[in-house]
Amino acid sequence: MTDELRELIVQGELKLGQHVQEMWIAERLGVSRTPVRTALNTLASEGYLVYLPNRGYFVRQFDITELMDVYEIRASLESLAARRAAERGITREQESVLMRCVEEGDRILRKGYFADDDLLPYRRMNVGIHEGIIQATGNARLAETIRQNNNLPLVSDRVILWQNFDVLKRSHDDHHRVITAIIARDVWRASAIMYEHVYYAGLALRDHLRTQDGLSLLIDPSKLAAVTADISSGDNPK
């Protein structure tokens with residue numbers, strides 16, 4: 001229930017700043033209002049929602065400065081994960097999983113453009129690489145800290161800036177480099193590449209949002225769906 005509600009926010013069906021009404025959520029997800037209340041409380045503790053007395057829950061709004069602050073934290077945490085994975089060394093099974101993900105990304109991008117039906121497999125590939133590296137650290141506390149940080153809207157590794165193929169290509173090239181460094185147990189190279197990989201994603205997203213909103217510091221709620229998932233508009237290059 002909590003995951004489903006979180007996904008409505010990440011996918012943009014619930015906009016930033018929107019009032020989240022229990023009855024609408026219950027009807028939308030086909031559940032009673034009791035689990036909805038529990039999910040709302042959980043997502044408020046995670047930072048997805050804010051609770052206003054006598055008004056209810058609202059999807060939390062972010063500004064550009066806060067967005068980059070959180071991306072800096074994510075970059076630092078995932079850089080640490082890459083370093084720890086390289087220090088510890090990964091198993092053949094872990095290496096196999098990561099290489100399958102890389103090969104899937106290569107397949108998707110090989111044609112030179114991002115098609116409408118590429119988003120979900122690309123997102124699964126991207127999440128698979130990041131989670132695979134995090135799991136390879138063997139550090140449950142670090143994994144949980146990263147998970148909590150990445151649950152925030154627009155910072156999750158589920159966010160794909162699909163509008164710019166060059167950004168996607170650069171990002172996937174980083175996947176190759178960081179995995180190669182981890183396999184070689186090149187500790188500081190793995191750490192540096194992962195930091196730049198994540199922080200650059202934040203910069204690219206910031207620049208995209210500024211292109212949409214001009215000099216406004218507040219992230220326009222209407223831009224969330226366009227960044228996170230819905231590419232059915234046909235604006236992708238072909």
Side-chain angles (χ1 to χ4, degrees), residues 3 6-7 10-11 71 74-75 77-140 142-151 155-202 204-205 227-231 236-238:
D3 288 342
R6 185 189 299 111
E7 194 70 5
V10 171
Q11 298 296 339
Y71 261 97
R74 180 186 164 196
L77 290 171
E78 294 207 36
S79 172
L80 174 59
R83 177 164 67 85
R84 288 294 177 84
E87 287 174 339
R88 189 170 189 249
I90 63 175
T91 66
R92 289 187 179 275
E93 181 180 356
Q94 290 167 338
E95 179 180 340
S96 178
V97 169
L98 291 173
M99 294 309 298
R100 284 199 300 270
C101 289
V102 166
E103 289 166 4
E104 173 66 0
D106 291 344
R107 182 194 66 78
I108 293 170
L109 299 178
R110 188 173 295 125
K111 59 185 177 296
Y113 63 87
F114 203 71
D116 289 358
D117 58 358
D118 287 334
L119 179 61
L120 292 181
Y122 189 88
R123 190 172 71 171
R124 282 194 297 267
M125 177 278 300
N126 188 61
V127 171
I129 288 175
H130 285 264
E131 291 189 350
I133 292 171
I134 293 165
Q135 290 171 6
T137 68
N139 188 324
L142 177 59
E144 176 63 15
T145 301
I146 292 173
R147 185 194 68 80
Q148 291 176 349
N149 185 74
N150 289 4
N151 273 337
V155 185
S156 167
D157 51 11
R158 291 168 289 186
V159 173
I160 304 297
L161 190 59
W162 55 267
Q163 294 90 339
N164 190 322
F165 185 82
D166 289 340
V167 169
L168 289 176
K169 183 66 169 60
R170 169 176 169 159
S171 177
H172 192 55
D173 287 345
D174 287 344
H175 291 154
H176 277 273
R177 287 189 287 269
V178 74
I179 291 171
T180 297
I182 289 172
I183 292 171
R185 304 189 71 167
D186 190 339
V187 173
W188 295 108
R189 179 168 169 76
S191 176
I193 293 171
M194 182 59 86
Y195 187 95
E196 173 63 15
H197 172 67
V198 173
Y199 195 73
Y200 178 77
L205 179 56
V227 170
T228 55
D230 184 5
I231 59 173
N236 52 302
K238 291 188 178 181

Assess the residue pair N126 and H175 against the criterion (side-chain contact (heavy atoms from CB on, under 4.5 Å)); give the C-alpha distance rounded to whole Å, side-chain angles, the decisive distance to 0.1 Å, and a yes or no.
CA-CA 9 Å; N126 188 61; H175 291 154; 3.1 Å; yes
Check the pair H197 / E78 against side-chain contact (heavy atoms from CB on, under 4.5 Å), numbers first and verdict last.
CA-CA 10 Å; H197 172 67; E78 294 207 36; over 6 Å; no
Side chains of K111 and D118: does their closest heavy-atom pair fall under 4.5 Å?
yes
OG-CG distance between S171 and D166, expressed to the nearest 0.5 angstrom:
12.5 Å
Contact summary for G128 and L98, nearest pair of heavy atoms:
O-CD2, 4.3 Å
Considering residues at least two apart in sequence or located in another chain, which fulfil the side chain to side chain contact (heavy atoms under 4.5 Å, CB included) criterion with A81?
I134, T137, L142, I146
Nearest atoms (heavy-atom pairs only) where V187 meets A86:
CA-CB, 3.9 Å
Please check: side-chain N/O of R88 versus main-chain N/O of A136, any donor-acceptor pairing under 3.5 Å?
yes
Taken in chain and number order and not counting sequence neighbours, the residues that satisfy side chain to side chain contact (heavy atoms under 4.5 Å, CB included) with V97 are R100
From L77 CG over to Y195 OH, what is the distance, rounded to the nearest 0.5 angstrom?
10.5 Å
side-chain hydrogen bond (donor to acceptor under 3.5 Å, both in side chains) filter on R177, not counting sequence neighbours, yields D174
Step by step, work out the salt bridge (charged side-chain N to carboxylate O under 4.0 Å, His left out) result for D3 and R6.
CA-CA 5 Å; D3 288 342; R6 185 189 299 111; 2.7 Å; yes
Is the side chain of R185 donor-acceptor paired with the backbone N or O of E87 at a distance under 3.5 Å, no angle test?
yes
Please give me the minimum heavy-atom distance between V198 and Y71, naming the atom from each residue.
O-CD2, 3.5 Å
Can you list everything that forms a side-chain hydrogen bond (donor to acceptor under 3.5 Å, both in side chains) with S79? Sequence neighbours excluded, please.
S191
Hits for salt bridge (Lys or Arg N to Asp or Glu O under 4.0 Å) against R189, two or more places apart or cross-chain, chain-then-number order -> none
side-chain hydrogen bond (donor to acceptor under 3.5 Å, both in side chains) against D106, all qualifying residues, sequence neighbours excluded
H172, H176
Mind checking what makes side chain to side chain contact (heavy atoms under 4.5 Å, CB included) contact with I183, not counting sequence neighbours?
I90, E95, M99, I179
Distance-minimising heavy-atom pair for A82 and I182
O-CG1, 3.9 Å
For F114 and I108 the tightest heavy-atom approach is CE1-CG2, 4.1 Å
What residues form a salt bridge (Lys or Arg N to Asp or Glu O under 4.0 Å) with E196, not counting sequence neighbours?
R170
Residue set satisfying side chain to side chain contact (heavy atoms under 4.5 Å, CB included) with E144, at least two apart, ordered chain then number -> R147, Q148
Hey, are the side chains of R74 and H130 touching, using non-hydrogen atoms and a 4.5 Å cut-off?
yes
Ignoring hydrogens, what is the shortest heavy-atom contact between Y113 and F165? Give both atom names and the distance.
N-CE1, 3.5 Å
side-chain hydrogen bond (donor to acceptor under 3.5 Å, both in side chains) partners of R107, counting only residues at least two apart
E104
